[in-house]
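Shown next, in C-alpha cells, is the structure this report addresses.
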Amino acid sequence: MAVRVNAEKCKGCTLCVKSCPFDAIEMKEKKAVITEKCTACGACIEKCPFHAISKEEQGAGADLSAYKDVWVFAEQRDGVITPVVKELLGKGRGLANDIGDVKLCAILLGEGLGDMTKELFEAGADIVYTAESPLLYRYTADGYTKVITDAIHEFKPEIVLFGATHIGRDLAPRIAKRVGTGLTADCTQLDIDPETKGILQTRPAFGGNLMATIKCPGHRPQMSTVRPGVMDKLPVQEGRTGEVKPVSLNLQESDIRTKILEIVKTARDMVSLTDAEIIVSGGAGLGEASGFKLIQKFADHVGGVVGASRAAVDSGWIDHSHQVGQTGTTVKPKIYIACGISGAIQHLAGMQTSDIIIAINKNPMAPIFQVADYGIVGDLYKVIPEIMEVWE
Ligand SMILES: Cc1cc2nc3c(=O)[nH]c(=O)nc-3n(C[C@H](O)[C@H](O)[C@H](O)COP(=O)(O)OP(=O)(O)OC[C@H]3O[C@@H](n4cnc5c(N)ncnc54)[C@H](O)[C@@H]3O)c2cc1C
C-alpha cells in the first residue's frame, strides 16, 4: 500500500476519515490507520492539516530488476475476447523474445473464464492471470482498476499493454496513477531498446505530423495503450496450453461506485472495421451522400465493410463509426479499396498497412496512388460497376 500515516504527526482529528471516498481509514487509539480498502487516490493527503499522511512514490531508486514479464490486458465483453488482445499477444511475444527469458502473460478479469483462458493460450500467452467474480462480469473503472493494480503489486510485470479501446483508455491511466508509473497512449509501434532492454513506445503526435518515441526508464511497469488494428496476431496454435494463475481478489461491492443499469447497443456498434477482411471506402470524390449507396452495393458484392474518409464523414454523408484514419479507426484488412479518396496523410495513417490497397481516383496525381498496389485512374461511378461485373 502506497499511502502511509505518520503516527507521531497524527492528532486524531478524523478529517481524513471523512475525506476518504473508499472508507479506507479507521481510527485506532486516536490515530488514523489506512486499511486494505485504500486505492492510494490521495484525497486524505490533501485534507490532513498536520501533513501526517504521505504517499510513498515508487520510482527512481526502486528495484526495477524485481519486475519481470510482459502482460497483456485481456479485455473481454460478455465473454468474448476483444480482437486487439490477440494483436497485443502477437506484439508481446516479439517484445518478450527481444528482452529474453521472460514470459508472455495475459490478465483476464470476469466471470466464467474457462474458454477464454484456452483462447489466450492458443493466441500465444504462456501464463493467464485470472480474477473471477460476479463483480467483474462487466467492466467498471473502480473494480478493474483495483484488481489489476493489486495484481501488479503482487506479481510485478515489467511491461503492461492495453488495447486503446474505450475500456483500455479509461482503465490504463487510472492504473498508471495508482502504481506511480509512466503510460504512453495510443502507440502504433513498440520495440525493445537493445541496450537497456526497456520499451520504446512510438505514437503519432501533433496531428500525425510527428512520430514521438517515448521511454519509461525509471519506473515499472512500463505501460502502453496500443491502437487496435496495427499489430499482427500470431497464428492460432490449437491445443496450446499454459499456466493459469489466480490473482488475490480483494474486491467488495462497496468498492465499485458506478452501477451499470443497462447497456444499449446502437447500430453504430455493428460497424466492425477492425475485423473486416475487405474494406471499401468512399471519400469526397463521391460528390454526394447517395454515393454511399454505390459503395455499400460494392462492399456487399465483394463481401466487405464500408469505410469512409473524414471529408465524407464531415459532409454528413455517413456516420463517424465508418471513418478510417488518424481520428477514426486504424484498419489492416486483406484488401482496402479507396474510392474517390485523395490519400491525405491522416487517412493513410489509418490504412497504409493493409495487405493490398486498390485506389480508384480520377486524378492520376492523387497521393493515394503512392501507397496503392493497384491504381485505376477514372470516374468511380463508371469504374465500380465495371469491377462488380468481373468480380464474381
Ligand atoms: C488533425 C486531423 C485529423 C484528421 N483525421 C482524418 C482521418 O481520420 N481520416 C481521414 O480520412 N481524414 C482525416 N483528416 C482529413 C484529411 O486531412 C483529409 O482532409 C481527408 O482525408 C480528405 O478526404 P478525401 O480524400 O475523401 O477528400 P479529398 O481530399 O477532397 O479527395 C477527394 C478525391 O476524390 C477524387 N475524385 C473526385 N471525383 C471523383 C470521381 N467521380 N471518381 C473518382 N475520383 C474522384 C479527387 O481526385 C480527390 O483525389 C484529418 C485532418 C486533420 C487536420
Side-chain angles (χ1 to χ4, degrees), residues 84 164-166 169 185-189 202-212 225-230 268 271-274 276 279-299 301-302 304-333 335-354 357-389 391:
V84 68
T165 59
H166 293 302
R169 284 168 178 240
D186 210 17
C187 297
T188 53
Q189 194 185 326
T202 303
R203 55 152 300 159
F206 296 109
N209 291 315
L210 181 83
M211 294 304 279
T225 63
V226 180
R227 262 197 203 193
V230 178
R268 293 170 56 179
V271 182
S272 188
L273 287 168
T274 39
I279 295 174
V280 182
S281 277
L286 291 172
E288 53 187 1
S290 63
F292 272 101
K293 286 189 187 148
L294 177 66
I295 297 294
Q296 183 70 63
K297 204 170 152 195
F298 189 16
H301 190 85
V302 300
V305 169
V306 172
S309 72
R310 179 159 160 179
V313 172
D314 286 351
S315 301
W317 299 346
I318 191 159
D319 189 83
H320 177 261
S321 54
H322 292 267
Q323 184 180 313
V324 171
Q326 189 190 312
T327 44
T329 305
T330 303
V331 299
K332 198 176 180 303
I335 306 177
Y336 187 87
I337 310 176
C339 310
I341 292 178
S342 60
I345 179 97
Q346 296 87 355
H347 188 81
L348 300 184
M351 46 61 77
Q352 63 191 350
T353 57
S354 304
I357 297 170
I358 302 172
I360 305 168
N361 196 303
K362 67 179 181 189
N363 175 7
M365 303 307 289
I368 191 77
F369 288 125
Q370 287 167 21
V371 298
D373 298 282
Y374 301 95
I376 302 167
V377 179
D379 183 340
L380 64 93
Y381 285 100
K382 290 193 185 128
V383 175
I384 292 175
E386 282 176 34
I387 298 181
M388 283 196 283
E389 229 177 273
W391 188 317

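Every number for a ligand or one of its atoms is a count from 1 in the order of the listing.
Side-chain contact between S354 and K332: absent, with no pair of heavy atoms (C-beta onward) separated by less than 4.5 Å. Side-chain atoms of V280 and I384, non-hydrogen and from C-beta on, never get closer than 4.5 Å to each other. Under the 4.5 Å side-chain criterion, counting only non-hydrogen atoms from C-beta, V230 is not in contact with T353. Between R227 and Q326 the shortest side-chain heavy-atom distance falls below 4.5 Å. Using a 4.5 Å heavy-atom cutoff, the side chains of I368 and L348 are in contact.
Between the side chain of D186 and the backbone N or O of T225 there is no donor-acceptor pair closer than 3.5 Å.
Ranked by closest heavy atom to atom 16 (C) of ligand 1, the top entry among M365, Q346, M351, K362 is Q346. For atom 32 (C) of ligand 1, the choice among P364, G340, G291 with the nearest heavy atom turns out to be G340. Between A311, A308, A349, G282, it is A311 that holds the heavy atom closest to atom 22 (C) of ligand 1. For atom 28 (P) of ligand 1, the nearest non-hydrogen atom from the set C339, A312, S342 belongs to S342. Here atom 4 (C) of ligand 1 lies nearest to R310 when heavy atoms of H320, H347, K382, R310 are compared.
Inclusion of A366 in the set of residues having an N or O under 3.5 Å from an N or O of ligand 1 is not warranted. Of the polar atoms of L380, at least one N or O is found under 3.5 Å from an N or O of ligand 1, judged by distance alone. Residue Y381 has no N or O atom closer than 3.5 Å to an N or O atom of ligand 1.
Contacts of I368 with ligand 1, taken as heavy-atom pairs under 4.0 Å, are absent altogether.
Residue G328 approaches ligand 1 through these ligand atoms, each under 4.0 Å from one of its heavy atoms: 8 (O). With ligand atoms numbered from 1 in the order given, ligand 1 contributes 11 (O), 23 (O), 24 (P), 26 (O) to contacts under 4.0 Å with heavy atoms of S309. Near G325, with a cut-off below 4.0 Å to any heavy atom, the atoms of ligand 1 are 7 (C), 8 (O), 9 (N). Close contacts of ligand 1 with G283, meaning ligand atoms under 4.0 Å from a residue heavy atom, involve 26 (O). Counting atoms of ligand 1 from 1 in the listed order, those under 4.0 Å from a heavy atom of A344 are 16 (C), 17 (O), 18 (C), 21 (O). Listed by number with element, the atoms of ligand 1 under 4.0 angstrom from any heavy atom of Q323 are 6 (C), 7 (C), 8 (O), 9 (N). Those atoms of ligand 1 with a heavy atom of D379 less than 4.0 angstrom away are 40 (C), 41 (N), 42 (N). Applying the 4.0 Å criterion to heavy atoms of Q326 picks out, from ligand 1, the atoms 7 (C), 8 (O).
Nearest approach of V313 to A308, heavy atoms of both residues: CG2-CB, 4.1 Å.
Atom CD1 of residue I376 and atom CG of residue N361 lie 11.0 Å apart, to the nearest 0.5 angstrom. From I337, atom CD1 reaches atom CD1 of I357 across 11.5 Å, with rounding to the nearest 0.5 Å. The line from OH of Y381 to CG of L294 is 6.5 Å long, rounded to the nearest 0.5 Å.
Look at D314 and you'll find every heavy atom at least 4.0 Å from all atoms of ligand 1.
Classified by interplanar angle (parallel below 30°, tilted 30° to 60°, perpendicular above 60°), the ring pair H347/Y336 is tilted.
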